[in-house]
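Let me begin by presenting the structure, written as structure tokens, before commenting on it.
Just so we're on the same page: letters track the sequence lines, and every chain starts at 1.
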Amino acid sequence: MSGMTHLKALEAESIFILREVVATCEKPVLLYSIGKDSAVLLHLALKAFAPGKLPFPLLHVDTGWKFREMIAFRDETARRFGLDLIVHTNEDGVRAGVNPITSGSSVHTDVMKTQGLKQALDKYGFDAAFGGARRDEEKSRAKERIISLRSPDHRWDPKAQRPEPWRAFNTRKRKGESLRVFPLSNWTEADVWDYIALDDIPVVPLYFAKMRPVVDRNGAIIMRDDERLPLHAGEQPQNKMVRFRTLGCYPLTGAVESEAETLPQIIAEMRASRSSERQGRMIDHDSASSMELKKQEGYF
Amino acid sequence: MGAPLKKIDEHAATFVRLADQPSKAQLKLRQPPHAQAIPAASARSLLRFITCGSVDDGKSTLLGRILYETGAVFDDQLAALDRDSARFGTTGDDLDFALLVDGLAAEREQGITIDVAFRYFSTENRAFIAADTPGHEQYTRNMATGASTADVAIILIDARKGVLPQTRRHSYIVSMLGVRRVIVAVNKIDLVGYDESVFRAIETEYRALAAMLDFIEIHVIPVSARFGDNIVAPSARTPWRQGPALLELLETIDGAPHGAAQFRFPVQWVNRPNLDFRGFSGAIAGGSIAVGDRILALPRGRTSRIARIIGPDGDIGQAAAGQSVTLTLTDEIDISRGDVIVKADDSVAPARTATVRMLAMTETPVTPGRNYLVKIGSALTTARVTALHHQIDVHDYQPKPAQALAMNAIGLATLRFETDVVIEPYAQCQSLGGLLLIDPHDNSCAALAVVEADGQAQAAPSPARGHALLSWLGVSALQDDAAVARAAIAPWLAGAGLTGLIAFVASGRPLVATAAALVDAGVRPSLTRLVRSYRPRAVGASEDGLAGDGGGI
């Protein structure tokens, strides 16, 4: 790797991982969550298999609570690259009326994301799923392998991970088992933004600061994307200059006040920031090991 | 530095609500000295390193300290650390930096590291990928996972305990996996009163040990991960020590990976989107290639010429090691995944056998006579362990007889492949010399193995270098042939005996077994001689010493 900048080294590694899984698995899929990491992952996948088309579909597990701009961006991206996009929603959850507001973040996340994801993977029989998770996001992710074996129930066993020496990836699995694959494992948030700037990769406009209607919920700045978010008695949305560092279900994703309207401004703001990007994600904070528990249950 | 890092009370006050945005003044208070901001990306290089050593030597604490000092720990993470320290911490009222790294619930509860954690930080000149590896012997395979991709290793030693068996084991594995530069951090120097004599004694002992390994650069530094001595800046409490602090060393140490100068391209995937395009995708494992170069595709041996090189950003004229590219050729020749493209004038030849040093990684021992799937670069083939020559005693690096390699044991073995394979000595090419053995029954990773260099094929406790081996044997030149012979003959007899035993089990007939053992014992030395005369030898007096162990075949 001598002579390569670290971004080019990371790019080469990610492309290697994507190709390795496509060459050795029967039915891979790319989990597309519309955010910046998914944008980079998709961009790398397009590079890895050029001049051919993507040799796998994209899967979006739609909880029904994504920002409207995210859905518009998703559909526009699929159209522009001619992608095979599968959208799956857990209809059982919809029928049961599960939502992030009255059901609470953990029930909503479990039913609409984790169970929804497992349903979709089983329905289509995917044996490997690419995701844009990075090890620097969260400390149980820091422990996960690049290629992570899941049981037929999609469970992760953190105490029995396969050794993963060099890049000699072991993609073999028994019937029913599947792989979760994280080509961006070694990227940091800063790397992702630097790469987005370097390659001019389109991202959802919600990452850029703009006047948006927000309410204060337990110290978090929650955007009122539309009527789906009922207002508390006497609560009045205020227009504030805000942006998002991370995008999830909108009632569970806190905004940050910011003036950063361009990529260089976002990068400058991130470099000066003293808080982590997942600070705005309510679902990570339920307990010290909440992400690990969710992952054991099959969350990505 | 100075006083221990007390829990900073304003953390708790400020971070009651996670979404709070603290004021700039508050931020300034809590900013670690070297953490003004994450530096710009520009043209930083990438250095991968590991922290390793025995249990409780402070590996996770050291890495947590480095992350903290470089500003890689954000305020909300510090607030979480503050809470976790109170709940799980082992450092009294101070922040327990290990909890920044020990990310699994089981690790925090038990206060130990089970699996490797990868963490990231940057300085002005470098981006770092740090792997914090477990110290417990039972998790050695996870330590090896971290070591396999490292450019540099930080080996921790507890100043109160000195060199421990795990220090030796980890040093051996680090050397075996090709890490050539190590930093020995003699930690908890505060607990021995910053005593120079304690430090010097450990340094002397470690350098003697390291003389038997393949390191080319060794730095020994007294540190206190808990109090920060010699981590970011030279400590006033160790005035007797000259030289850079740990972080400066990490920023300046040469991270150039060893790699083949010869072009090596394991074909990962054949890209054939339409009839007009047929490309071979992969990562260049060594050397460089340019459009127009004549190439040879192994193992089938077809030749052609490079038509196009397509990199991540489109067509390029040439490419080098580390890059992921797609090659097209001027001729339609049959190439598939697992093949290796080299330059046409290259002399590399496919092989059917290899002598490997291996680390067993599963509960089921690696046993001679068993078949494994073997991953070599992008090729997957089947191999039989035809002989297990000896196991390495990690306490003194001596070979000892072994019937099988139990989990975490290291030994020298011969593999016989079912198909022609392109392999290379690990020291020359990590991709084609680093093998993963997969148990075909349950797909577990049974062992990792590194292909021995030709000249070392008969070597005893490599990765020792010859002169070191001789000094370890206590001989100058080759005066004590008997000692060398004794070391040599034991594994050989054990190997022959084992052949007999296998034959007995297989045939159920003692006569057949005895015959097999005798044939094995008789044939093996002559085969060894044959191989020796055939293989080009690295010249030097030390080689004669190395050749003393007939266990290489």
Any side-chain heavy atom of B:S324 sitting closer than 4.5 Å to one from A:R19?
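Yes, close enough: below the 4.5 Å cut-off.
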Student check: side-chain heavy atoms of B:V450 and A:W166 closer than 4.5 Å
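Yes, their side chains come closer than 4.5 Å.
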Report which part of [X] has an atom under 4.5 Å of a heavy atom belonging to chain A: side chain, backbone, both, or neither.
X: B:I284; answer: neither
X: B:V325; answer: backbone
X: B:F118; answer: both
X: B:S444; answer: backbone
X: B:L47; answer: neither

Full working for side-chain contact (heavy atoms from CB on, under 4.5 Å) between A:N170 and B:K375:
CA-CA 8 Å; A:N170 178 1; B:K375 189 145 191 214; over 6 Å; no
Cationic N near anionic O, under 4.0 Å, [X] to [Y]:
X: B:R119; Y: A:E138; answer: no
X: A:K8; Y: B:D313; answer: yes
X: B:R337; Y: A:E20; answer: yes
X: B:D115; Y: A:K159; answer: no
X: B:D442; Y: A:R174; answer: no

Just wondering, are more than 12 heavy atoms of other shown residues or ligands nearer than 6.0 Å to CD in A:E177?
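More than 12 heavy atoms, drawn from other residues, nucleotides or ligands, come within 6.0 Å of this atom.
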Around A:K53, counting heavy atoms of other residues, nucleotides and ligands shown, do more than 12 lie under 6.0 Å from its NZ?
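Not more than 12 within 6.0 Å, no.
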Heavy-atom distance under 4.5 Å to chain B: side chain of A:D191, backbone, both or neither?
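For A:D191, there is no contact with chain B at all, as no heavy atom is under 4.5 Å.
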Under a 4.5 Å heavy-atom cut-off, does chain B meet the side chain of A:E164, its backbone, both or neither?
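Both backbone and side chain.
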Shortest non-hydrogen contact between [X] and [Y], atoms and distance:
X: A:F16; Y: B:A283; result: CD1-CB, 3.6 Å
X: B:A117; Y: A:K143; result: CB-CE, 3.5 Å
X: B:N142; Y: A:R145; result: OD1-NH2, 3.0 Å
X: A:S185; Y: B:Y120; result: O-OH, 3.2 Å

Distance (rounded to the nearest 0.5 Å) between [X] [atom1] and [Y] [atom2]:
X: B:L436; Y: A:R172; atom1: CG; atom2: CZ; value: 11.0 Å
X: A:D136; Y: B:L67; atom1: CG; atom2: CG; value: 11.0 Å
X: A:L10; Y: B:L46; atom1: CG; atom2: CG; value: 6.0 Å
X: B:I438; Y: A:T171; atom1: CD1; atom2: OG1; value: 7.5 Å

Who wins among B:S378, B:A320, B:P312 for the most heavy-atom pairs under 4.5 Å with chain A?
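Highest number of pairs under 4.5 Å: B:P312.
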I'd like to know which of [options] tops the heavy-atom pair count under 4.5 Å against chain B.
options: A:A268, A:A197, A:P163, A:A168; result: A:P163
options: A:P51, A:A50, A:P158; result: A:P51
options: A:P55, A:P165, A:G52; result: A:P165

So, do B:W269 and A:F49 have ring centers that fall under 6.0 Å from each other?
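Yes, close enough.
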Worked check of side-chain contact (heavy atoms from CB on, under 4.5 Å) between A:R162 and B:N443:
CA-CA 10 Å; A:R162 284 177 178 171; B:N443 296 321; 3.4 Å; yes
